[in-house]
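Notes for the one structure printed next.
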There are 2 protein chains.
Amino acid sequence: METMTTELSASLEDYLESIFLVIAERGEARSKDIADRLGVAASSVTNALRGLVKRDLVRHEPYDLIALTEEGERVARDVVHRHEVLTHFFTEVLSVDEKTATACACKMEHIVGDVILERLIAYIEYDRSSGNGKTTWVEGKGFVHHA
Amino acid sequence: METMTTELSASLEDYLESIFLVIAERGEARSKDIADRLGVAASSVTNALRGLVKRDLVRHEPYDLIALTEEGERVARDVVHRHEVLTHFFTEVLSVDEKTATACACKMEHIVGDVILERLIAYIEYDRSSGNGKTTWVEGKGFVHHA
DNA sequence: GCCCCTTTTTAGACAGAGCTAAATATTTAT
DNA sequence: ATAAATATTTAGCTCTGTCTAAAAAGGGGC
């Protein structure tokens, strides 16, 4: 049957996410933007684009702008979503600093599955809508609940 | 200077962890045990051992048992620790089922840094020593606090 | 002591993802 | 309009980490 859609690698997810974000920020995306953002060589982008085009997640003619397909945009949004939920959880619930939170989210976004993501979202919500007091991180004490 | 200790890869961390656990369980570890546990070919283990020996994390003479160096044991314990904390957090705090928790922990253990790990530990402790009531996951409702 | 079975290692291939250098397009500025 | 600057692609290399097949080592039973 060969409908075997190989699972998207962490690397390709990163490229896809970058393309999505660059388009969101600048209206269009070229190779160089992606290379700069990811800190890789331009040729690595060309290379990754081949993989993404092959999987029908990206549309791209040589030397032209980079565009996402419907499916590509869907997947990209999903990665971004995972990234945001994780960052949020780390900063809001665990009181971790932005930089550390983002760094970890960047790697975890390729790993975390639906079930855990759902629970993290629920936990953030629970934490936010604290009708039962607030839990905060206190240096030297750990997490503390204030009524 | 070349004292450049390259960061241990996720893959090598997995091998190291397996060696540690097999030794803990059976008293000794051979190639085959590791291959079976990780579900890889025997030759992949031989290969990985080269990397671990080179980094002085493992002692190994051809055809002989596999042993950890002091440093190797330290690193292995650290990986196992991260694994356990993560699994714990997922099952205890997020009420995720064992299998899903373990699967995610297996990947995250190679990623999560000290700061976040510390916070997770604190959160587990906070959750456990609930002198302020208990927070539990309720299907269809999310997390709920019981006084 | 020797044969057979299992384990381990070697050898060689391959895929993924990165790099540099060189070739080729495109864009911009004079 | 063309030369210079910039961007993109190609070609070829490297490193990990995996695999399979074949060779070599070890261990037991008899």
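Here is the naming used below: chain letters follow the sequence lines, and residue numbers restart at 1 for every chain.
Among the heavy atoms of the strands lying under 4.0 Å from B/S31 are primed sugar atoms or P, OP1, OP2 only; no base atom is included. Contact annotation for B/N47: base contact, defined as any heavy-atom pair under 4.0 Å involving a base atom. Contacts of B/V40 with the nucleic acid, taken as non-hydrogen atoms under 4.0 Å apart, involve only primed sugar atoms and P, OP1 or OP2.
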Item to complete: Evaluate salt bridge (charged side-chain N to carboxylate O under 4.0 Å, His left out) for B/R30 paired with B/E28, printing each intermediate quantity in order.
Response: CA-CA 7 Å; B/R30 336 191 158 43; B/E28 54 178 50; 3.1 Å; yes

Item to complete: Go through the steps to decide whether A/R77 and A/E84 satisfy the test salt bridge (charged side-chain N to carboxylate O under 4.0 Å, His left out), and finish with yes or no.
Response: CA-CA 10 Å; A/R77 275 184 199 282; A/E84 283 171 353; over 6 Å; no

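Taking for each of B/P62 and A/S11 the nucleotide of DNA chain C with the nearest heavy atom, the 5'-most of the two is the partner of B/P62.
Going from atom CG of B/L65 over to atom P of C/dT7 covers 14 Å, rounded to whole Å. Atom pair B/L49:CG and D/dT18:C1' shows a separation of 15 Å (rounding to whole Å applied). In this structure, the NE2 atom of A/H110 is 17 Å from the P atom of C/dG16, given to the nearest Å. Look at CD on B/E61: it is 15 Å from P on D/dA25, rounded to the nearest Å. One interatomic measurement links the two molecules: OH of B/Y15 to P of C/dT8, which rounds to 14 Å at whole-angstrom precision. A/L52 has its CG atom 13 Å from the P atom of C/dG16, to the nearest Å. Following rounding to the nearest Å, A/D33 (CG) and D/dT8 (P) show an atom-to-atom distance of 8 Å. Here D/dG17 presents its P atom at 10 Å from CG of B/D14, a figure rounded to the nearest Å.
The listed nucleotides are D/dT18, C/dT9, D/dA11; the one nearest the side chain of A/S43 is D/dA11.
Proximity of A/S44 to the phosphate of C/dC19: a side-chain N or O atom is located under 4.0 Å from OP1 or OP2. Proximity of A/Y63 to the phosphate of C/dA23: no side-chain N or O atom is located under 4.0 Å from OP1 or OP2. In terms of phosphate contacts, B/R50 brings a side-chain nitrogen or oxygen within less than 4.0 Å of OP1 or OP2 of C/dT10. Side-chain N/O atoms of A/T46 include none lying less than 4.0 angstrom from OP1 or OP2 on D/dT10.
Defined by atom type and a distance below 3.5 Å, a donor-acceptor pair is present between the side-chain atoms of A/D97 and A/T100.
In this structure, the ring of B/Y123 has its center less than 6.0 angstrom from the ring center of A/Y123.
Judged by distance alone, with hydrogens and angles left aside, the side-chain atoms of A/R55 form a donor-acceptor pair with the main-chain N or O of A/G51 at under 3.5 Å.
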